[in-house]
Amino acid sequence: MSGITYDYMEIYLRGLIGESKGMTKELEDFAHENGVPIVQKETGKFLEFMVGMKKPLKILELGTAIGYSSILMYEASKTEPEIKTIERSEEMISLAKKNIERFNLSHKIQILEGDCLDILSELDEEFDLIFMDAGKGHYNHFLPHCLRLLNEDGIIIADNVLFRGMVPSQELVKRRKITIVKRMRTYLEMVNEDESLVTSVIPMGDGIAITRRR
Ligand SMILES: C[S@@+](CC[C@H](N)C(=O)[O-])C[C@H]1O[C@@H](n2cnc3c(N)ncnc32)[C@H](O)[C@@H]1O
């Protein structure tokens with residue numbers, strides 16, 4: 001039970017998407033067997049759709065893990081975008097590098113090694129699409145940096161914003177997750193209350209917020 005949508009809905013939608021093939025399926029199997037949290041299937045499809053529509057030339061991702069969503073976004077685009085993706089776990093960085101090499105994308109996907117907040121503070125270039133998928137308890141702290149780094153007509157896609165239903169429902173909140181939940185609520189308030197931004201929150205996967213400038 002995801003706490004966001006009904007199980008029968010998820011099963012049905014995932015059935016429609018069907019099984020991945022080849023090396024993509026191998027990455028998914030590895031992630032599931034080793035407990036690596038990669039984007040859910042319907043979130044992956046949403047990313048593919050958005051990348052296809054937005055046609056970004058530069059993408060910034062927060063949270064590489066094994067490189068799955070970076071590779072997925074690259075493969076879904078027809079614009080051969082330059083992707084920068086931030087990761088702090090040495091183990092994940094090593095796995096992601098191997099996977100990116102297997103897809104022959106080392107010249108297109110660059111891993112920025114370190115903590116998101118440190119790296120975001122140092123970055124000084126613009127991106128067409130920013131995908132936030134790391135440090136759920138810090139999206140509110142990442143946001144000002146992401147807005148500074150976002151192109152005039154760029155979009156920010158933030159995953160896990162409903163966090164297993166805990167963000168909208170106080171009844172579902174686990175004690176040890178209170179800080180993350182409070183900060184995620186702050187993030188959603190920031191992107192919804194800022195009149196210079198337009199945000200749509202989609203109760204899909206673990207909850208997605210998509211934001212652009214008005
Ligand atoms: C949900 S996973 C990313 C999954 C990936 N986007 C995908 O779908 O294939 C989150 C990753 O972010 C990393 N991470 C968490 N907090 C971070 C931070 N503050 N700075 C850098 N990396 C972080 C974790 O080590 C983990 O590998």
Side-chain angles (χ1 to χ4, degrees), residues 2 4 14 17 20 23-51 56 59-77 81 83-103 105 108-123 127 129-146 149 155-164 166-167 177 179-181 183-184 187 202 204-210:
S2 69
I4 292 176
R14 286 179 193 174
I17 294 169
S20 303
M23 291 201 291
T24 305
K25 171 98 171 59
E26 284 174 33
L27 291 191
E28 290 171 7
D29 289 346
F30 177 89
H32 295 141
E33 282 157 21
N34 294 279
V36 179
I38 58 168
V39 283
Q40 298 187 16
K41 253 188 155 3
E42 53 275 34
T43 305
K45 193 52 84 178
F46 178 78
L47 277 183
E48 282 183 34
F49 186 93
M50 292 309 298
V51 165
I59 297 177
L60 176 66
E61 176 181 68
L62 280 54
T64 317
I66 58 168
Y68 177 77
S69 51
S70 277
I71 294 168
L72 175 146
M73 287 191 280
Y74 185 87
E75 300 273 289
S77 72
I83 302 182
K84 292 193 172 166
T85 174
I86 309 174
E87 176 59 58
R88 69 177 175 193
S89 149
E90 283 180 20
E91 187 192 355
M92 288 301 139
I93 291 167
S94 154
L95 288 165
K97 279 187 180 161
K98 284 190 195 124
N99 289 328
I100 292 166
E101 269 167 32
R102 284 177 69 205
F103 278 78
L105 290 175
K108 282 291 176 183
I109 304 177
Q110 183 190 0
I111 303 175
L112 306 178
E113 302 181 20
D115 189 88
C116 286
L117 208 48
D118 296 337
I119 292 188
L120 285 170
S121 321
E122 287 162 14
L123 278 174
F127 296 89
L129 189 153
I130 299 179
F131 178 47
M132 270 194 211
D133 194 22
K136 287 185 274 294
H138 294 283
Y139 282 15
N140 55 331
H141 304 128
F142 299 155
L143 182 65
H145 294 285
C146 290
L149 298 169
I155 54 174
I156 298 175
I157 301 174
D159 195 15
N160 310 108
V161 296
L162 299 178
F163 195 25
R164 300 178 212 152
M166 288 187 255
V167 173
K177 304 288 183 192
T179 305
I180 294 181
V181 169
R183 290 184 181 169
M184 192 59 93
Y187 175 78
I202 309 166
M204 173 202 282
D206 198 27
I208 300 169
I210 175 160

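Counting starts at 1 for both ligands and their atoms, in listed order.
Interface atoms of ligand 1 facing Gly114, defined by a heavy-atom separation under 4.0 Å, are 20 (N), 21 (C). Atom numbering of ligand 1 starts at 1 in the shown order; those under 4.0 Å from a heavy atom of Gly135 are 15 (C), 16 (N). Taking a cut-off of under 4.0 Å to the non-hydrogen atoms of Met92, the atoms of ligand 1 that pass are 27 (O). Less than 4.0 angstrom separates some heavy atom of Ser89 from each of these atoms of ligand 1: 25 (O).
Remark: Arg164 CZ is loosely packed, at most 12 non-hydrogen atoms of other residues, nucleotides or ligands lying under 6.0 Å away.
Remark: Glu101 does not engage Lys98 in a salt bridge, criterion side-chain N to carboxylate O under 4.0 Å. Electrostatic pairing of Lys97 and Glu113 counts as a salt bridge here, judged by a charged N lying under 4.0 Å from a carboxylate O.
Side-chain contact between Val51 and Pro56 is present, with at least one heavy-atom pair separated by less than 4.5 Å. Using a 4.5 Å cut-off on side-chain heavy atoms (C-beta onward), Met23 and Ile71 make no contact. Here the side chains of Leu72 and Thr24 are not in contact, with every heavy-atom distance at 4.5 Å or above. Annotation: side chain of Ile210 is in contact with side chain of Ile155 (closest heavy-atom distance under 4.5 Å). Using a 4.5 Å cut-off on side-chain heavy atoms (C-beta onward), Leu95 and Val36 make no contact.
No option in Phe163, Phe142, Tyr139 other than Tyr139 meets the ring pair (Phe, Tyr, Trp, His ring centres under 6.0 Å) test with Tyr187.
Nearest protein heavy-atom neighbour of atom 8 (O) of ligand 1: Val39 N, 2.8 Å. Atom 25 (O) of ligand 1 has Glu87 OE2, 2.6 Å as its closest protein atom, hydrogens excluded (heavy atom only). When hydrogens are left out, the protein atom nearest atom 10 (C) of ligand 1 is Asp133 O, 3.2 Å; that is the closest non-hydrogen contact. Counting only heavy atoms of the protein, atom 20 (N) of ligand 1 lies nearest to Cys116 N, 2.9 Å. Of the protein's heavy atoms, Ser69 OG, 3.0 Å lies nearest to atom 7 (C) of ligand 1. Summary of contacts: the protein heavy atom closest to atom 19 (N) of ligand 1 is Asp115 OD1, 3.1 Å. With respect to atom 2 (S) of ligand 1, the closest heavy atom belonging to the protein is Pro37 O, 3.3 Å. For atom 14 (N) of ligand 1, the closest non-hydrogen atom of the protein is Ala134 CB, 3.7 Å.
Using a 4.0 Å cutoff on heavy atoms, Thr43 does not count as a contact of ligand 1.
Counting heavy atoms closer than 4.0 Å to ligand 1, residue Glu61 contributes side-chain atoms (C-beta onward) but none from N, CA, C or O. At a heavy-atom cutoff of 4.0 Å, ligand 1 is contacted by no atom of Leu72, backbone or side chain. Under 4.0 Å from ligand 1, heavy atoms of Arg88 appear from its side chain as well as its backbone.
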Point to revise | Stepwise salt bridge (charged side-chain N to carboxylate O under 4.0 Å, His left out) check, Glu42 with Lys45 | key: CA-CA 5 Å; Glu42 53 275 34; Lys45 193 52 84 178; over 6 Å; no

